K.L.:
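Here it is, the structure, as structure tokens.
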Amino acid sequence: MCLALPMKLVERREFDGTAELNGVRRNVSLLLVPEAVLGDHVLVHAGSAITVVDAEEARKTLELIDSALRSEP
Amino acid sequence: MKFLSEYRDPQRVESLVRRIHEVTTRPWTLMEVCGGQTHSIVRYGLDRMLPAQIELVHGPGCPVCVTPLEMLDAAHRIAARPEVIFATFGDMLRVPGSETDLYGVKARGGDVRIVYSPTDAVELARKHPDRQVVFFAVGFETTAPANAMAVKVAHDAGLGNFSLLVSHVLVPPAIEAVCSAPHNRVQGFLAAGHVCTVMGYVEEYPGLATRFGVPIVVTGFEPVDVLHGVLLCVQQLESGRCEVENQYSRMVRPAGNPVAIATLREVFDVVDRAWRGIGVIPGSGFALCAEFAAYDALRRFEVAHRPVAEPAECIAGLVLQGVKKPGECPAFGTRCTPEKPLGAPMVSSEGACAAYHAYRREPAEAGS
């Protein structure tokens with residue numbers, strides 16, 4: 001039930017918007033993420049965006065994992 | 001699929017598995033709290049890639065599984081009323097109560113409808129002013145804010161025909177219950193990522209980590225996330241640390257989502273809740289606060305509390321506490337299947353039994 005997916009916000013209205021993943025579009029409530037702007041990725045759970053994806057943190061996590069890979073003996 | 005496919009990359013999976021093998025010198029037992037993580041682990045076979053010393057036990061993070069039988073019975077009785085449209089996530093339809101399930105209620109004429117969000121349920125109330133629309137609010141902290149918001153929206157729109165049947169549960173008290181159990185074997189936790197997206201991890205988790213001497217790593221759901229969480233947790237255990245760490249920083253801020261938390265505080269009170277198969281855990285759930293009590297379906301339909309006994313053969317309680325694996329149940333895959341379940345973990349999309357069944361873990365292997 002805690003399943004949630006990152007979707008790209010392609011339309012922004014006052015309280016809701018349209019988000020897209022793999023060409024599938026759906027209406028999502030933005031009441032819990034007033035800071036979300038067009039083009040953001042939002043984490044969508046049961047029809048509500050519950051956070052805006054932090055792209056910088058995403059990059060850092062992958063870099064950390066990949067640097068561990070490179071430094072292996 | 002941005003922010004998804006990078007975390008399913010086979011090379012990253014391989015390198016993380018190698019790292020975990022390198023750092024592991026002793027046996028460790030970890031619990032992944034969330035049923036979504038359990039499904040990821042079993043689906044991708046992540047547990048089979050780990051060193052033999054590392055055991056993953058499956059946690060109680062399946063809201064459908066821990067919804068008490070009494071609450072399911074109450075749902076079935078409310079859903080059977082002629083004036084009611086009973087709106088629910090699809091997960092709940094096949095969960096057995098003591099007499100029937102929601103499919104059974106629907107088959108006998110109950111108006112049961114699957115919705116994808118609580119907003120859909122509010123829309124139903126708007127479209128059918130002559131009917132009572134009841135939304136079954138099941139779930140952890142991830143799900144609760146949108147449900148709280150739905151109550152506020154209904155309240156502001158003057159929709160007196162909308163109500164919630166609330167059965168919300170909270171993760172930190174469940175971690176405390178697992179750690180306090182006399183038979184506990186869990187030495188470290190992969191905390192449920194999306195629960196922490198809402199609640200953050202600075203409020204309650206540091207106290208639990210210190211008090212029980214367990215590392216807690218906030219972890220995501222994709223294979224790379226889960227393995228990264230395991231690596232961080234094992235590194236802590238191997239070096240004798242018990243801290244709260246955040247593997248899932250792209251989705252989780254330390255203090256969570258402030259708007260969601262404020263909405264929860266406005267609409268809900270923290271209350272004691274009974275967990276199916278586990279029992280009452282103090283301060284482990286939400287109920288509507290006094291201001292919104294009029295939207296409480298239990299109160300509106302005056303459903304009496306009727307205690308009922310669990311099916312004797314079902315070991316769901318032990319599975320949910322990580323004491324037993326699904327394959328250790330004598331009924332697994334024979335007298336208990338997703339089509340005819342004895343307990344909720346066999347039907348929920350987050351249930352451990354359903355994961356073992358769907359991905360064909362044979363009983364002998366599943367129990368090992």
Side-chain angles (χ1 to χ4, degrees), chain A residues 1-10 13-37 39-73, chain B residues 1-4 6-7 9 11-12 14-16 18-19 22 34-36 39 61-64 89 91 115-120 138-143 145-147 149 152-153 192-195 197-198 221 224-225 228 231 246-253 256-257 259-260 263 348-350:
Chain A
M1 194 167 283
C2 287
L3 180 72
L5 289 170
M7 301 177 79
K8 188 174 181 178
L9 199 57
V10 293
R13 292 175 290 274
E14 188 178 3
F15 301 121
D16 66 347
T18 304
E20 186 185 87
L21 174 68
N22 271 357
V24 177
R25 288 179 170 219
R26 64 160 303 167
N27 188 62
V28 297
S29 163
L30 300 173
L31 289 171
L32 299 170
V33 288
E35 74 276 24
V37 296
D40 275 347
H41 279 76
V42 289
L43 184 62
V44 179
H45 167 73
S48 273
I50 56 171
T51 198
V52 176
V53 181
D54 188 328
E56 177 60 16
E57 285 293 331
R59 192 188 57 75
K60 278 199 250 172
T61 302
L62 287 179
E63 223 173 70
L64 195 78
I65 293 169
D66 293 345
S67 69
L69 182 149
R70 282 194 299 273
S71 68
E72 274 169 36
Chain B
M1 291 193 290
K2 202 163 179 219
F3 303 117
L4 273 183
E6 309 92 294
Y7 303 91
D9 176 54
Q11 269 196 320
R12 290 191 173 113
E14 257 178 60
S15 90
L16 282 165
R18 227 173 15 240
R19 276 302 286 161
E22 282 164 16
C34 176
H39 271 253
C62 166
V64 173
F89 294 136
D91 283 44
V115 293
Y116 295 97
S117 78
T119 318
D120 297 345
V138 174
F140 280 94
E141 292 94 324
T142 316
T143 316
N147 294 346
M149 203 53 105
K152 283 183 59 171
V153 170
H194 294 150
V195 164
T197 297
V198 169
F221 298 82
V224 167
D225 290 320
H228 190 206
L231 175 63
N246 184 12
Q247 181 279 325
Y248 202 36
S249 56
R250 69 185 184 281
M251 303 295 187
V252 178
R253 325 277 181 268
N257 177 336
V259 178
T263 310
S348 166
S349 58
E350 290 171 311

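Per chain, numbering begins at 1; letters A, B, ... match sequence-line order. These numbers were taken from a predicted model, which means no experiment stands behind them.
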K.L.:
Mind checking what makes disulfide bond (SG atoms under 2.5 Å apart) contact with B/Cys34, not counting sequence neighbours?
P.N.:
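Testing B/Cys34 for disulfide bond (SG atoms under 2.5 Å apart), a comparison that skips the adjacent residues, returns none.
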K.L.:
List the residues meeting side-chain contact (heavy atoms from CB on, under 4.5 Å) with B/Ala260, not counting sequence neighbours, and say none if there are none.
P.N.:
A/Leu32, B/Pro145, B/Val198, B/Asn257
K.L.:
Could you work out, with side-chain contact (heavy atoms from CB on, under 4.5 Å) as the rule, every residue matching B/Tyr116, not counting sequence neighbours?
P.N.:
A/Arg26, B/Asp120
K.L.:
Using a 4.5 Å heavy-atom cutoff, which residues in residues 47-58 of chain A come close to chain B?
P.N.:
A/Gly47, A/Ser48, A/Ile50, A/Thr51, A/Val52, A/Val53, A/Asp54, A/Ala55, A/Glu57, A/Ala58
K.L.:
If I measure from the heavy atoms of chain A, does B/Val153 come under 4.5 Å with its side chain, its backbone, both, or neither?
P.N.:
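Interface part for B/Val153: side chain.
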K.L.:
With a 4.5 angstrom heavy-atom cut-off, which part of B/Val195 approaches chain A: side chain, backbone, both or neither?
P.N.:
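The side chain, not the backbone.
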K.L.:
Check whether B/Met149 gets within reach of chain A through its side chain, its backbone, both or neither, counting any heavy atom under 4.5 Å.
P.N.:
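Interface part for B/Met149: side chain.
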K.L.:
Between B/His194 and B/Tyr248, how do the two ring planes meet: parallel, tilted or perpendicular, split at 30° and 60°?
P.N.:
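B/His194 vs B/Tyr248 ring planes: tilted.
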K.L.:
Would you mind checking which part of B/Ser249 comes under 4.5 Å of any heavy atom in chain A, side chain (CB onward), backbone (N, CA, C, O), both or neither?
P.N.:
both
K.L.:
To check you understand the geometry: which heavy-atom pair defines the closest contact between B/Pro63 and B/Glu350, and what is its length?
P.N.:
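Closest approach of B/Pro63 to B/Glu350, heavy atoms only: CD-OE1, 3.3 Å.
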K.L.:
Compare every heavy atom of A/Gly39 with every heavy atom of A/Lys8, then report the nearest pair and how far apart it is.
P.N.:
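So the minimum-distance heavy-atom pair works out to CE-O, 3.9 Å.
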K.L.:
Which heavy atom of A/Leu30 sits nearest to which heavy atom of A/Gly17, and what is that distance?
P.N.:
CD1-N, 3.7 Å
K.L.:
Quick one: what part of B/Gln247 sits under 4.5 Å from any heavy atom of chain A, side chain, backbone, both or neither?
P.N.:
both
